[in-house]
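Report on the following structure.
In what follows, residues are counted from 1 in the order of the sequence shown. This structure is a prediction, so every number in the text was calculated from the model and none was measured.
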Amino acid sequence: MSILELFEIKHPIFLAPMAGVSTPTLAAEVSNQGALGSLGLGANTPESAKAQILKTQELTDLPFQVNFFCHQPEPLNAEIAKQWIEYLQPEFAKFDATSPTQLNCIYPSFLENDDFLNVVLETKPKAVSFHFGIPHPHQIQALKQAGIITMVSATNLIEAQQIEAAGIDIIIAQGIEAGGHRGIFNQHVDAAIKTSDLVQLLTQHCTCPVVAAGGIMNGDQAKTMFKLGASAVQLGTAFVQCKSSSANAAYRKALFSQKITQISASLSGRPARGLLGTWHTQIDSPHRPTVPAYPYSYDLAKQLMGIANQHDDFSYGSFWAGSNVAQIRELEAADLVNQLIVEITTR
Ligand SMILES: Cc1cc2nc3c(=O)[nH]c(=O)nc-3n(C[C@H](O)[C@H](O)[C@H](O)COP(=O)(O)O)c2cc1C
């Protein structure tokens with residue numbers, strides 16, 4: 001069965017799930033053009049995840065995917081947390097604020113319990129995808145029994161082989177160009193393979209369909225991925241600028257003015273590619289203390305960003321973007337999908 005038949009979509013174009021940027025409107029706009037819309041729900045509670053899925057189902061009858069984080073829950077090292085909070089205290093002091101005394105696990109993993117699984121089983125989206133790892137066997141089995149397509153991000157061949165062995169339906173090949181968090185299973189092991197190489201590697205060695213993600217901004221780049229064996233392409237950065245995303249004004253402005261991206265683990269505790277700003281440069285000092293585990297350090301980074309934003313200082317934002325951000329175009333989601341279709345089919 002082709003990927004179009006499997007998903008019941010017209011075009012092999014996926015909107016990347018983007019926690020903090022996805023909205024039901026954006027997802028529905030993409031799905032309504034015959035591509036696959038998505039919701040990044042990794043930063044949600046089960047209740048708010050359910051509300052977003054139901055809202056999207058109100059806006060479209062067509063298929064879309066939902067996405068969760070499958071990171072191995074890590075305990076917080078109290079000493080590392082204390083040193084990190086002290087390290088960032090001068091930044092809080094710039095806004096006459098004091099840093100918090102403790103860090104919280106702001107993003108629970110799908111692996112921790114079945115609360116997110118139950119939301120998916122209840123609301124039955126067409127597909128569910130996972131970042132940072134693979135769900136438990138009983139969770140995969142339940143999703144399969146419910147007829148929900150499963151997808152997991154891989155950044156190298158071993159991850160892809162583990163995904164396939166777990167019985168997942170589709171592999172998302174996330175290359176090093178990709179905006180946002182690296183989907184690496186172990187945050188300290190990253191082969192940093194570029195998207196075109198990863199697609200070739202995975203299509204040669206795996207039998208599951210492979211979806212290319214990372215640095216795809218136009219139809220020509222998508223066509224290259226199809227020629228290398230990708231069954232579909234997944235674009236994130238290209239859609240962040242759409243009016244229906246929840247990106248704030250500072251993020252939108254930065255997407256069109258800052259052309260350089262870098263990968264840093266200092267903001268969230270896991271490596272992620274974002275626009276290079278002064279804060280990113282500063283926080284990645286070789287003399288910084290050890291960063292607390294994901295997502296505890298993200299808690300602190302987000303609190304600092306929130307306080308700075310209240311003072312109209314947006315330089316502490318984590319503006320995730322892929323390495324081809326300079327090719328971004330200002331287009332509504334429906335127009336962007338249609339433009340991609342024209343570029344893929346006619347040139
Ligand atoms: C703002 C932003 C947020 C992202 N959040 C998620 C997420 O919640 N879950 C996920 O699986 N991938 C996430 N990603 C990664 C995308 O799924 C995808 O790998 C990436 O956008 C592809 O590269 P591109 O941005 O160059 O198109 C995010 C990417 C961006 C740009």
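The shortest side-chain heavy-atom distance between Val189 and Ile184 does not fall under the 4.5 Å cut-off. Contact check for Ile53 versus Leu41: side-chain heavy atoms found under the 4.5 Å cut-off. Using a 4.5 Å heavy-atom cutoff, the side chains of Leu143 and Ile149 are not in contact. Using a 4.5 Å heavy-atom threshold, the side chains of Pro289 and Ile80 count as separate. Between Thr237 and Asn324 the shortest side-chain heavy-atom distance does not fall below 4.5 Å. The shortest side-chain heavy-atom distance between Gln187 and Phe132 does not fall under the 4.5 Å cut-off. For the pair Thr290/Gln83, no side-chain contact is recorded, criterion being any heavy-atom separation below 4.5 Å from C-beta on.
Sequence neighbours left out, the pairs with a member in residues 268-278 that pass side-chain hydrogen bond (donor to acceptor under 3.5 Å, both in side chains) are His181-Ser268, Thr261-Arg273. Evaluation of the ring-ring contact (aromatic ring centres under 6.0 Å, His included) test over residues 11-57, restricted to residues two or more places apart or in two chains, returns Phe7-Phe14. Listed by first and then second residue, the salt bridge (charged side-chain N to carboxylate O under 4.0 Å, His left out) pairs involving residues 158-173 are Lys144-Asp169 (not counting sequence neighbours). Sorted by first and then second residue, the pairs that involve residues 122-131 and meet salt bridge (charged side-chain N to carboxylate O under 4.0 Å, His left out), not counting sequence neighbours, are Glu8-Lys126, Lys50-Glu122. Among pairs with a residue in residues 227-260, those fulfilling ring-ring contact (aromatic ring centres under 6.0 Å, His included) read Tyr251-Phe319, at least two apart in sequence or across chains. Each ring-ring contact (aromatic ring centres under 6.0 Å, His included) pair with one or both residues in residues 88-117, not counting sequence neighbours, appears once here: Phe68-Phe110, Phe68-Phe116, Phe69-Tyr107, Phe95-His311, Phe95-Tyr316, Tyr107-Tyr298, Phe110-Phe130. Counting only residues at least two apart or in different chains, salt bridge (charged side-chain N to carboxylate O under 4.0 Å, His left out) contacts with residues 197-213 are absent. Residue pairs that meet the salt bridge (charged side-chain N to carboxylate O under 4.0 Å, His left out) test with at least one member in residues 100-114, sequence neighbours left out, do not exist here.
For the atom pair Asp335 CG and Leu340 CG, the distance stands at 11.0 Å (nearest 0.5 Å). Between the CG atom in Leu62 and the OG1 atom in Thr56 there is a gap of 12.5 Å [rounded to 0.5 Å]. To the nearest 0.5 angstrom, Ser129 atom OG is 3.5 Å from Asn67 atom CG. A distance of 9.5 Å separates CD1 in Ile134 from CG in Leu111, rounded to the nearest 0.5 Å. Note that OG of Ser196 is 6.0 Å distant from CG of Leu228, once rounded to the nearest 0.5 Å. Between atom OG1 of residue Thr155 and atom CD1 of residue Ile172 there is a gap of 13.0 Å, rounded to the nearest 0.5 Å.
In this structure, Ser22 contributes its side chain and Pro17 its backbone to no donor-acceptor pair below 3.5 Å. The backbone N or O of His131 lies less than 3.5 Å from no partner atom in the side chain of Ser153, so there is not a single donor-acceptor pair. Although no hydrogens or angles enter the test, the distance criterion places a donor-acceptor pair under 3.5 Å between the side chain of Thr23 and the main chain of Ser244. Between the side chain of Gln139 and the main chain of His136, a donor-acceptor pair closer than 3.5 Å is present. Judged by distance alone, with hydrogens and angles left aside, the side-chain atoms of Gln327 form no donor-acceptor pair with the main-chain N or O of Met217 at under 3.5 Å. Checked by atom type and distance alone, the side chain of Ser31 pairs as donor or acceptor with a backbone atom of Pro63 at under 3.5 Å. Judged purely by atom type and a 3.5 angstrom limit, Glu343 has no side-chain atom pairing as donor or acceptor with the backbone of Asp220. Without hydrogens or angle criteria, Thr60 side chain to Gln57 main chain gives no donor-acceptor distance under 3.5 Å. A donor-acceptor pair is defined here as one N or O able to donate and one able to accept, closer than 3.5 Å; such a pair exists between the side chain of Ser245 and the backbone of Val240. At least one donor-acceptor pair under 3.5 Å links the side chain of His205 to the backbone N or O of Leu201.
Residues passing the side chain to side chain donor-acceptor pair (under 3.5 Å) test with Ser318: none are found, sequence neighbours excluded. A search for side-chain contact (heavy atoms from CB on, under 4.5 Å) contacts involving Asp96 returns nothing, not counting sequence neighbours. When the side-chain contact (heavy atoms from CB on, under 4.5 Å) test is applied to Asp299, the partners found at least two apart in sequence or on another chain are Leu103, Asn104, Ile106, Gln303. For the side-chain contact (heavy atoms from CB on, under 4.5 Å) test, residues two or more places apart in sequence or in another chain that qualify with Glu86 are Lys82.
Applying the 6.0 Å contact sphere to CD of Gln204 captures more than 12 heavy atoms from other residues, nucleotides or ligands. Around the CD atom of Gln72, the shell of radius 6.0 Å holds no more than 12 heavy atoms that belong to other residues, nucleotides or ligands. No more than 12 heavy atoms of other residues, nucleotides or ligands sit less than 6.0 Å from atom CD1 of Ile260. Residue-environment remark: CG (Asn186) exceeds the threshold of 12 foreign heavy atoms within 6.0 Å.
Using a 4.0 Å cut-off between charged nitrogen and carboxylate oxygen, Glu332 and Lys243 count as a salt-bridge pair.
A chain of hydrophobic side-chain contacts below 4.5 Å, direct or via other Ile, Leu, Val, Met, Phe, Trp or Tyr residues, connects Leu76 to Leu304.
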